[in-house]
Amino acid sequence: IPALLGLALALASLLPTAGARRSQDLHCGACRALVDELEWEIAQVDPRKTIQMGSFRINPDGSQSVVEVPYARSEAHLTELLERVCEKMKEYGEKVDPSTHRKSYVRVISHDGTKMDLSGVKFDGDVTSSLKFACESIAEEYEDELIEFLSHEAENVKDRLCSKRT
């Protein structure tokens, strides 16, 4: 009986680690999917499209402090994207690496309609709702950082945000 008790305690101590790993995989996967989706959406905007930014007040000399900036990476556009981007998580499925048992999240519906290899991909309501919830949490908590990185075309946003910040 003492041996069984020891084994049970040893197994119980591993359970939080497995749960933490699943949670970390989900959080990391949601972050990476979020950044991928935002970068894809930005790339779809006509680079010639601009938006006026600055103060619309008229200065005493009759001028205005308004500048035209590219719309795709404007704060207004990025904020709009952040409000709806997590809906795209319904287009993702979960893939488990057979050797490491780590989970990753991959698109199950391509942006352009091409066929995708979905072997080994789990696609159900639990996966998509968990991913969407994680995405919304990240988008809300790191909204300022996301806008900062994406508005300035920062390098390696996924690594800088998903690996180092979140």
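Remember, predicted model here, so these are calculated numbers, not experimental data. Just so you know, residue 1 is the first one in the sequence shown, and it goes up from there.
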Near Glu75 CD, under 6.0 Å, is it more than 12 heavy atoms from other residues, nucleotides or ligands?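 Check fails, neighbour count at 12 or below.
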
Neighbour count >12 (heavy atoms, 6.0 Å) for atom CD, Glu155: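 Not more than 12 within 6.0 Å, no.
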
Roughly how far, to the nearest 0.5 Å, is [atom2] of [Y] from [atom1] of [X]?
| X | Y | atom1 | atom2 | answer |
| --- | --- | --- | --- | --- |
| Cys86 | Ile138 | SG | CD1 | 8.0 Å |
| Leu146 | Leu161 | CG | CG | 5.0 Å |
| Phe133 | His27 | CZ | NE2 | 11.0 Å |
| Leu150 | Glu41 | CG | CD | 12.0 Å |
| Asp25 | Lys103 | CG | NZ | 7.5 Å |
| Asn156 | Cys162 | CG | SG | 11.5 Å |

With side-chain contact (heavy atoms from CB on, under 4.5 Å) as the test, would you mind laying out the steps for Leu78 and Ser151 before giving the verdict? CA-CA 8 Å; Leu78 295 173; Ser151 66; 3.8 Å; yes

So if you build clusters from Ile, Leu, Val, Met, Phe, Trp, Tyr with side-chain heavy-atom gaps below 4.5 Å, do Val121 and Ile109 land together?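 Val121 clusters together with Ile109.
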
Tell me whether Val106 is reachable from Leu118 by hopping between hydrophobic residues (I, L, V, M, F, W, Y) whose side-chain heavy atoms are closer than 4.5 Å.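 Yes, Leu118 connects to Val106 through the hydrophobic network.
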
Return the minimal non-hydrogen interatomic distance between [X] and [Y], and the atom names on each side.
| X | Y | result |
| --- | --- | --- |
| Met89 | Thr128 | O-CG2, 3.7 Å |
| Val69 | Ser74 | CG2-CB, 4.4 Å |
| Ala134 | Leu26 | CB-CG, 4.1 Å |
| His152 | Glu148 | ND1-O, 3.0 Å |

Taking side chain as C-beta onward, heavy atoms only, is [X] less than 4.5 Å from [Y]?
| X | Y | result |
| --- | --- | --- |
| Leu38 | Val157 | no |
| His77 | Ile51 | no |
| Leu131 | Tyr105 | yes |

Enumerate the salt bridge (charged side-chain N to carboxylate O under 4.0 Å, His left out) contacts for residues 129-143, please, sequence neighbours excluded, ordered by first and then second residue.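 Applying salt bridge (charged side-chain N to carboxylate O under 4.0 Å, His left out) to every pair that reaches into residues 129-143, excluding sequence neighbours, yields Glu87-Lys132, Lys132-Glu136.
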
Could you pull out all donor-acceptor pairs under 3.5 Å where a side-chain atom in residues 29-37 meets a protein atom, sequence neighbours excluded?
unit_1	atom_1	unit_2	atom_2	d
Arg32	NH2	Asp159	OD1	3.2
Arg32	NH2	Ser163	OG	3.2
Asp36	OD1	Lys158	NZ	2.7
Glu37	OE1	Arg107	NH2	3.2
Glu37	OE2	Tyr92	OH	2.7
Glu37	OE2	Arg107	NE	2.8
Glu37	OE2	Arg107	NH2	3.0

